[in-house]
Amino acid sequence: MLEIAYIRQNSEDVITRLAVKHFDAKAVIAEILSVDENKRAIQTKLDDVLSQLNKASKEIGDLYKAGKKQEADELKNKTTAWKQEITSLEGDLKKADQDLQDKAVLLPNLPNKNVPKGKTPEDNEVVFKHGDIPQLPESALPHWELTKKYDLIDFELGVKIAGAGFPVYKGKGAKLQRALINYFLDKAAEAGYMEIEPPILINKDSGFGTGQLPDKEGQMYHVTLDDLYMIPTAEVPITNIYRDVIVDEESLPIKNCGYTPCFRREAGSYGKDVRGLNRLHQFDKVEIVQIQHPDKSYATLEEMREYVAGLLKSLELPFRTLRLCGGDMSFASALTYDMEVYSGAQKRWLEVSSVSNFETFQSNRMKLRFKGGKDKPRLAHTLNGSALALPRIVAAILENNQTEKGIRMPKAIVPYTGFEMIS
RNA sequence: GGAGAGAUGGCAGAGCGGUUUAAUGCGGCGGUCUUGAAAACCGUUGAACCUUCACGGGUUCCGGGGGUUCGAAUCCCUCUCUCUCCGCCA
């Protein structure tokens with residue numbers, strides 16, 4: 001959520017920058033400014049009347065103590081009108097505040113100056129490329145054939161147990177999952193991230209804090225009996241650890257990571273995009289999260305991008321890094337890099353990581369602040385990235401490394417899998 | 001699931017209608033003393049919002065919401081959460 005004070009002082013800038021995200025903010029901003037002004041007028045008035053009442057109450061107490069009952073009673077009568085006014089003003093204030101909140105929540109985060117102007121995924125800017133596109137023989141199989149051939153993943157069995165999009169990993173397929181999770185967590189620890197194992201169900205406040213609620217309610221599984229949501233990413237519980245917290249400036253940056261399964265309803269998805277491991281309702285992911293000083297958050301974003309690139313290199317996967325254009329960015333992000341690996345048999349790029357700086361968009365919702373010395377608390381910047389999402393990594397490894405004799409494992413994870421080949 | 005207890009400032013912990021503008025202790029910060037440190041002593045110690053060019057002034061916050069009252073941390077209602085015991089259970 002954007003800060004109201006910022007909107008008040010920079011309304012033109014907000015409108016211009018939101019246009020990059022193809023969001024026409026003109027009308028909403030005008031409404032916000034007007035409601036905000038009205039709200040402040042109400043509050044000034046209310047504070048004034050409350051102040052009078054407080055003063056009178058004190059006097060009444062003193063008068064009673066001094067035995068001047070009659071004077072006290074007279075003063076009491078005066079308060080009736082004030083109390084009515086207070087009730088009325090409080091109602092107005094609450095309404096104005098709610099109104100303001102409702103409108104402000106509709107505004108996406110402001111894109112950073114470096115965000116390309118485009119509208120569709122084609123307009124994303126390729127900022128980095130690594131590795132050669134694998135030249136596989138015509139007989140090369142897509143991963144959903146390979147997983148069947150080597151009995152690694154049973155998609156039909158998942159349908160029986162839960163439904164489409166809930167694969168059952170078996171044998172070396174399951175072991176590969178576990179190996180990748182451990183590998184990613186170990187690498188993150190080496191890079192200074194503290195491992196967290198968070199709850200995978202979250203409450204409404206947490207969903208609001210990171211921006212999933214209220215807009216994306218339909219994307220999450222909702223456990224209605226207890227009013228909890230299954231996490232779509234570890235970002236939600238790990239970032240919400242710091243909701244309503246004021247951290248010491250010296251403790252920045254805070255670097256956390258965690259492995260969790262992730263659950264997404266993916267309502268409306270269909271076609272070949274959802275084939276095999278390409279899009280699932282449940283998948284495994286290791287997430288990295290940082291909380292950083294506003295002055296340093298963009299350096300941190302680059303550092304995180306480099307970190308994820310390093311992981312992909314170590315897995316010997318060809319990949320490219322995209323800077324997302326205004327039209328393709330998420331609601332909450334100020335700047336996002338997507339990392340895509342090339343999946344040789346499908347002959348397409350698959351997104352395996354998304355690294356974003358949210359600036360104060362999440363921290364303002366969460367009231368996550370930092371404080372140094374005698375300075376006033378300020379909103380911190382939050383960042384996160386996948387490091388990495390497993391299914392598409394697995395898809396690319398299986399497809400790109402297939403040979404006549406079986407599927408070769410990248411060297412880096414052999415110590416974790418305990419096998420070099422799947423055959 | 002049953003029974004009971006509780007929710008107060010960074011933490012611990014008083015307060016149970018108007019000397020609370022929240023006692024006291026610990027912690028934190030500053031100082032005195034000291035070659036330095038410790039101890040001791042003194043001072044200081046939150047957040048949000050409104051208003052003001054500024055100095056300052058005002059309002060709100062004792063789990064959330066509502067009520068009683070001129071006045072609520074304190075009384076009433078309600079919700080949520082936590083703890084203890086019992087039951088069940090990985």
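We name chains A, B, ... by the order of the sequence lines, and we start the count at 1 in each one. We use all heavy atoms of the structure for the numbers below, so side chains are in, but hydrogens, waters and symmetry mates are not. Because the structure is predicted, anything quoted here is derived from the model rather than measured.
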Would you indicate what [X] reaches in the nucleic acid, counting non-hydrogen atoms under 4.0 angstrom: base, sugar-phosphate, or nothing?
X         : answer
Lys376(A) : sugar-phosphate
Lys94(A)  : sugar-phosphate
Leu75(A)  : nothing
Arg8(A)   : sugar-phosphate

For the pair made of [atom1] in [X] and [atom2] in [N], what is the distance, rounded to whole Å?
X         : N      : atom1 : atom2 : result
Asp227(A) : C79(B) : CG    : P     : 16 Å
Arg243(A) : G63(B) : CZ    : C1'   : 14 Å
Asp244(A) : G10(B) : CG    : C1'   : 15 Å
Asp248(A) : G46(B) : CG    : P     : 15 Å
Glu59(A)  : C70(B) : CD    : P     : 16 Å
Lys55(A)  : U59(B) : NZ    : C1'   : 13 Å
Leu46(A)  : U51(B) : CG    : C1'   : 14 Å
Asp97(A)  : U59(B) : CG    : P     : 20 Å

Might you confirm whether atom [atom1] of [X] has over 12 heavy atoms from other residues, nucleotides or ligands at distances under 6.0 Å?
X         : atom1 : answer
Glu31(A)  : CD    : yes
Glu302(A) : CD    : yes
Glu37(A)  : CD    : no
Glu250(A) : CD    : no

*Could you tell me whether Lys175(A) sits above the aromatic face of Phe419(A), with NZ or CZ closer than 6.0 angstrom to the six-membered ring centre and within 45 degrees of the axis?*
no
Sticking with atom [atom1], work out how far [N] lies from [M], rounded to a whole angstrom.
N      : M      : atom1 : answer
A14(B) : G57(B) : C1'   : 32 Å
A72(B) : G17(B) : P     : 14 Å
A23(B) : G9(B)  : P     : 13 Å
C77(B) : G4(B)  : P     : 15 Å
C89(B) : A5(B)  : P     : 28 Å
C16(B) : G10(B) : C1'   : 26 Å
C53(B) : U59(B) : C1'   : 23 Å
C61(B) : G71(B) : P     : 13 Å

*Is any side-chain N of the basic residue among Asp375(A) and Lys371(A) closer than 4.0 Å to the acidic one's carboxylate O?*
no
*asked:* I'd like to know if Lys45(A) pairs up with Glu85(A) as an ion pair, taking the criterion as any Lys NZ or Arg NE/NH1/NH2 lying under 4.0 Å from an Asp or Glu carboxylate oxygen.
replied: yes
*So which one's nearest nucleotide on RNA chain B is more toward 5', Ala41(A) or Asp48(A)?*
Ala41(A)
_Most 5' of Asp36(A) and Thr79(A) on RNA chain B, judged by nearest nucleotide_ = Asp36(A)
Can a side chain N or O of [X] be found less than 4.0 Å away from OP1 or OP2 on [N]?
X         : N      : result
Lys367(A) : A47(B) : no
Arg369(A) : A47(B) : no
Asn54(A)  : U60(B) : yes
Lys371(A) : A47(B) : yes

Considering only [options], which nucleotide approaches the side chain of [X] most closely?
X        : options                : answer
Leu50(A) : C49(B), U51(B), U59(B) : U59(B)
Ser51(A) : U21(B), G58(B), C70(B) : G58(B)
Lys83(A) : G18(B), U21(B), U69(B) : U69(B)
Asp47(A) : A47(B), G58(B), C70(B) : G58(B)

_Nucleotide-level pairing of RNA chain B, given in dot-bracket where Watson-Crick and G-U pairs need both distances under 3.5 Å and | marks other strands_ = ((((((((.[[[..)..(.....]]]((((((.......))))))((((((....)))))).[[[[[..)....]]]]])))))))....
*Report yes or no: does Asp186(A) contribute a side-chain atom to a donor-acceptor pair with the main-chain N or O of Tyr183(A) at less than 3.5 Å?*
no
_Are Asp338(A) and Asn124(A) packed together at the side-chain level, in the sense that at least one heavy-atom pair is separated by less than 4.5 angstrom?_
no
